[in-house]
Amino acid sequence: MHINQLDSAAEARPLSRRLFVAAGAAALGGVFAAAGCAGSPAEAPEPAPSASEGAAGAEASPALTADTLPKPEPDPESPFGVDKNINMETIDEYLNIPGVAYRDARMLRDPAQYEEIGGHANLEMALEGFRIVPFPLVGTLQELPVSGAYTGERLFDVTWAADGTVAQAVPRFEESRQILEDLFPSDRPVMIMCGAGGYAGMTRQLLIALGWDPDLLYNVGGQWDYTGYHPVQLISYDADGTPHFMFWRADYADIDFDALTPIK
């Protein structure tokens, strides 16, 4: 099954992230309430005059390298474990650093009914340099505070502990581990984002459970908070609300489950 086979979610409506976070945290009562990983309803910020188009437009400070990044420091006040230092407020300073991998854990079209909490599921905006690797295709989701959560094919069956860590992760395909190693290199820093931090937090926890170094994994939070200068617009809307999808702009990792070998 391909991601392109998923049905489109409802049209966009404005969403207060504070309302979203409160609803998700109240419904789950856990550290990694995952509701915030649908597409963002926010409009793209005006690009900086000096920024060029595409991933190359994100210019990193020459003083920053993969070896000089601050160590990951999950914020204990964040319901998703978003990093205190590298997050949507500061991410523009950390883009396009050689040796760093950038991943977006959202789906292009998430079947979860985010309109139930005032949101929507289409991925409207990505960030330059981030490759989209949807967590719902990687592992079992934690319980969401909305209906319709994705339950289709995935690389790992994940059992979640009450504290938001992984109790057990069982591969469903012979290639599951290799796919993760290719998409999330274990020998370099990996910055993971989503809509509000939930899918990114789940991705980080799964990788840690499978042996990745937590000091190389950053949950940089949710694009809903992003007001920087390096967005990649993936959906535009007419005045009457008609969406126009531009997913060809996305750097998307297509996981073709029909080509994988199930573990019996």
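Keep in mind that the numbers below use all heavy atoms, side chains included, and drop hydrogens, waters and symmetry copies.
The main-chain N or O of Gln233 is found under 3.5 Å from a side-chain atom of Arg249 such that the two form a donor-acceptor pair. The closest donor-acceptor contact from the side chain of Asp182 to the backbone of Ile179 lies at 3.5 Å or more, if one exists at all. Distance alone, capped at 3.5 Å, is enough to place a donor-acceptor pair between the Arg204 side chain and the Leu217 backbone. Side chain of Asn219 to backbone of Phe80: a donor-acceptor contact under 3.5 angstrom is found. Judged by distance alone, the side chain of Ser78 and the main-chain N or O of Asp83 form no donor-acceptor pair under 3.5 Å. Side-chain atoms of Glu116 come within 3.5 Å of backbone atoms of Ser147 as a donor-acceptor pair (strictly under, hydrogens ignored). Without hydrogens or angle criteria, Gln113 side chain to Pro111 main chain gives a donor-acceptor distance under 3.5 Å. Between the Arg177 side chain and the Leu210 main chain, a donor and an acceptor come within less than 3.5 Å of each other. A donor-acceptor pair under 3.5 Å links the side-chain atoms of Trp160 to the main chain of Thr140, judged by distance alone. One N or O on the side chain of Arg154 and one on the backbone of Gly152 form a donor-acceptor pair closer than 3.5 Å.
Contact check for Tyr252 versus Phe247: no side-chain heavy atoms found under the 4.5 Å cut-off. In this structure, Leu108 and Ile132 have side chains that are in contact, with non-hydrogen atoms separated by less than 4.5 Å. Side-chain contact between Val190 and Thr203 is absent, with no heavy-atom pair separated by less than 4.5 Å. Within the 4.5 Å cutoff, side-chain heavy atoms of Phe257 are placed close to those of Leu137.
Note that the CD atom of Glu128 and the OH atom of Tyr229 stand 13.5 Å from one another [nearest 0.5 Å]. Met191 CE to Ile91 CD1: the interatomic distance, rounded to the nearest 0.5 Å, is 5.5 Å. For the atom pair CD1 (Ile235) and CG (Asn122), the distance works out to 4.0 Å, reported to the nearest 0.5 Å. Between the CD atom of Glu124 and the CE atom of Met246 there is a distance of 9.5 Å, given to the nearest 0.5 Å. Atom CD of residue Glu73 and atom CG of residue Asp215 lie 11.0 Å apart, to the nearest 0.5 angstrom. Atoms CG and CG, from Leu260 and Leu155 in turn, are 7.0 Å apart once rounded to the nearest 0.5 Å.
The two residues Leu183 and Arg131 come nearest to each other via the heavy atoms CD2-NH1, 3.5 Å. For the pair Arg106 and Cys194, the tightest heavy-atom approach, listed with the atom from each and the gap, is CD-C, 3.4 Å. The minimum heavy-atom distance between Ala253 and Val133, with the atom names listed, is CB-CG2, 4.0 Å. Leu141 and Ala149 get closest at one heavy-atom pair: CD1-CB, 4.2 Å. Of all heavy-atom pairs spanning Pro189 and Gly99, the tightest one is CD-O, 3.6 Å. Contact record, Ala209 with Val166: CB-CB, 3.6 Å, taken as the closest heavy-atom pair.
Between Asp67 and Thr65, the side chains place no donor N or O within less than 3.5 Å of an acceptor N or O (distance only, hydrogens not considered). Side-chain contact check for Ser186 and Glu181: no donor-acceptor pair (N or O, by modelled atom type) lies under 3.5 Å.
Judged by a 6.0 Å distance limit and a 45° cone about the ring axis, Arg109 is positioned over the six-membered ring of Phe245.
If you chain together hydrophobic residues whose side chains sit under 4.5 Å apart, Tyr199 and Val146 fall into the same group. Hydrophobic clustering (side-chain heavy atoms under 4.5 Å, transitive across Ile, Leu, Val, Met, Phe, Trp, Tyr) keeps Leu216 apart from Leu206. A continuous path of hydrophobic side-chain contacts links Leu234 to Tyr237 [ILVMFWY only; heavy atoms under 4.5 Å].
Classification of the Tyr102-Phe130 ring pair by plane angle, with boundaries at 30° and 60°, yields perpendicular.
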Pair Tyr94-Val100, side chain to side chain contact (heavy atoms under 4.5 Å, CB included): steps then yes or no: CA-CA 9 Å; Tyr94 296 95; Val100 176; over 6 Å; no
- request: Give the C-alpha distance, both sets of side-chain angles, the deciding distance and a yes or no for side chain to side chain contact (heavy atoms under 4.5 Å, CB included) between Leu207 and Ile192.
  value: CA-CA 11 Å; Leu207 293 175; Ile192 311 167; 4.3 Å; yes
query: Please walk me through it: do His230 and Leu127 pass side chain to side chain contact (heavy atoms under 4.5 Å, CB included)?
result: CA-CA 6 Å; His230 301 284; Leu127 264 63; 5.6 Å; no
query: Step by step, would you call Asp157 with Gln168 a side chain to side chain contact (heavy atoms under 4.5 Å, CB included)?
result: CA-CA 8 Å; Asp157 286 330; Gln168 186 179 39; over 6 Å; no
